[in-house]
Amino acid sequence: MGKRLTKRNEDYSKWYNELVIGADLAENSGVRGCMVIKPYGFAIWEKMQAELDRMFKETGHENAYFPLFIPKSYLSKEASHVAGFAKECAVVTHYRLKNAEDGSGIIVDPDAKLEEELIVRPTSETIIWDTYRRWIQSYRDLPLLINQWANVVRWEMRTRLFLRTAEFLWQEGHTAHATEPEAIEEAEKIMHLYADFAENHMAMPVIKGTKTESERFAGAIETYCIEGLMQDGKALQAGTSHFLGQNFAKAFDVKFATKEGKQEHVWATSWGVSTRLVGALIMAHSDDNGLVLPPKLAPIQVVIVPIYKGMDQLDAISEKISPLVKELRSKGISVKFDNRDTHKPGFKFNEYELKGVPVRLAVGERDLENGTYEVARRDTLTKEVVPMDEVVAKIEFLIEDIQTNIFKKAIDFRDTHITQVDTYEEFKKILDEKGGFISAHWDGTLETENRIKDETKATIRCIPIDAEQEVGRCMVTGKPSERRVLFAKAY
């Protein structure tokens, strides 16, 4: 498989980039800032997508699809929204190309200028709320619970595969409600749903909370979030859910007739997670040997590698393996029997270790004679010999145990990297020497928040929803504070 990865403690960023490429997840494309998601990386995203889609539908949401292009005038209707995205928008100004008269190639036809420029969607609130104006007339039409799976474009200048790209894939939910409490309940419900997915499928512990005013989504009254901690001590925002109030309903005049016959504006939410979750999955669990994937999201949960000399031995092994493969698949376990004769077993072992396949079985002529398999687990890199008649039960156990063990390791790391401080000097010391989340008092002002960010590059990741009320004093200004918030450097 070529040279080994750079070690995480030597250069975490380089390790990450090498792993994404080496594990065949994605690569940079011919378009600056955009990536090609390769089949193995896309298979991980598909597993995420399938589970999230199931969870959305179980909570009453339906999928739809809205246009990629948004008229510029739509963005102008909600002032804070356009201000939040203005610097990231890609703009379509013309609709036709033609050959240059001097034969130099294709040029934009200057006579084919659009009457109104179109924005390539950075998010879909405006086009969706223009649509909802036609869909919503009465209280009988509410709640309207819509999700779409789509791509969006935000013209990022500094990009990194999966974590920050000019184009990325995501889901975005957009809901309309008759009352404020219903909309708030929806936004909170989705935050809890995201946390459930992150912890029970990604095996990544998260902290649920709300964003400060300066960190909220553009146009939101409240932004709920889940924050994960990566192995280099930096935080990563893994999902957000926004209570939008009536801002977009008023901007696009979305009203409904109440049971009493009055006309009122609806209340709104929006929420989303993206292919950034693949980056989070990589950084939360993987090691110096490659990916470590939780079994629930691994494209291949079990790989079987035959060790043989000559086709007769391979045929004998294949005959023994065939019913095992069928039995595992009948139990919903994804399995691959790698009988390629173009690669040696050692190459295959390294390949599947790099790709994070949770369980590996090796079987050779001696194993057939002894009625055993060599079973290796990716999370601990340990191996054991298991009788053939016990191997299915062993694999079922390992699928559960690896998922549990990966989560336990991640939560132990996270919990030992939440540090409580009371002074600004201690804050800066912990940030430089240890990293992770830092719990500290803050006076609630934008001025202090910006000062901390400018001086340390740390931001307030969230105000934890389960944080106890604790009167104290801001670590920077000494002004009164009602509760601690969580700071960290972040992706």
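Here the side chain of R121 pairs a donor or acceptor atom with the backbone of N151 at under 3.5 angstrom. Remark: the backbone N or O of V152 is not paired with any side-chain donor or acceptor of E167 at under 3.5 angstrom. In this structure a side-chain-to-backbone donor-acceptor pair under 3.5 Å is missing from T419 to I438. Proximity of a side-chain donor or acceptor of Q313 to a complementary backbone N or O of K309 within less than 3.5 Å is detected. Here the side chain of K348 pairs a donor or acceptor atom with the backbone of R340 at under 3.5 angstrom. D287 places a side-chain N or O within donor-acceptor distance of the main-chain N or O of G290, the cut-off being under 3.5 Å. Between the side chain of T59 and the main chain of F56, a donor-acceptor pair closer than 3.5 Å is present.
A salt bridge is absent between K57 and E62; no separation between the charged side-chain nitrogens and carboxylate oxygens falls under 4.0 Å. Using a 4.0 Å cut-off between charged nitrogen and carboxylate oxygen, K211 and E227 count as a salt-bridge pair. Comment: K409 does not engage D379 in a salt bridge, judged by the lack of any side-chain N to carboxylate O separation of less than 4.0 angstrom. Salt-bridge annotation for K457 and D432: absent, with no side-chain N of the basic residue lying under 4.0 Å from a carboxylate O of the acidic one.
Closest non-hydrogen pair, A198 versus V206, comes out as CB-CG1, 3.9 Å. For P294 against A203, the heavy-atom pair with the smallest separation is CB-CB, 4.1 Å.
The cationic atom of R164 (NZ for Lys, CZ for Arg) does not lie both less than 6.0 Å from the six-membered ring centre of Y491 and within 45° of the ring axis.
Side-chain contact between E351 and L354 is absent, with no heavy atoms from C-beta onward closer than 4.5 Å.
F66 and Y132 have perpendicular rings, their planes meeting at more than 60° on a 0 to 90° scale where under 30° would count as parallel.
Defined by atom type and a distance below 3.5 Å, a donor-acceptor pair is missing between the side-chain atoms of S439 and Q420.
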Discussion item. With side-chain hydrogen bond (donor to acceptor under 3.5 Å, both in side chains) as the criterion, how do K336 and Y352 come out once you've worked through the C-alpha distance, each side chain's angles and the decisive distance to 0.1 Å?
Written reply: CA-CA 11 Å; K336 178 178 180 178; Y352 294 116; 3.3 Å; yes

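The ring pair (Phe, Tyr, Trp, His ring centres under 6.0 Å) analysis of residues 373-420, with sequence neighbours excluded, yields the pairs F413-H417.
Summarising the geometry, atom NE2 belonging to H201 is positioned 12.5 Å from atom CG belonging to L277; distances are rounded to the nearest 0.5 Å. In this structure, the separation between CE on M191 and OG1 on T223 is 11.5 Å, given to the nearest 0.5 Å.
For F217 and F85, the ring centers are positioned less than 6.0 Å apart. With ring centers used as reference points, H81 lies 6.0 Å or more from W129.
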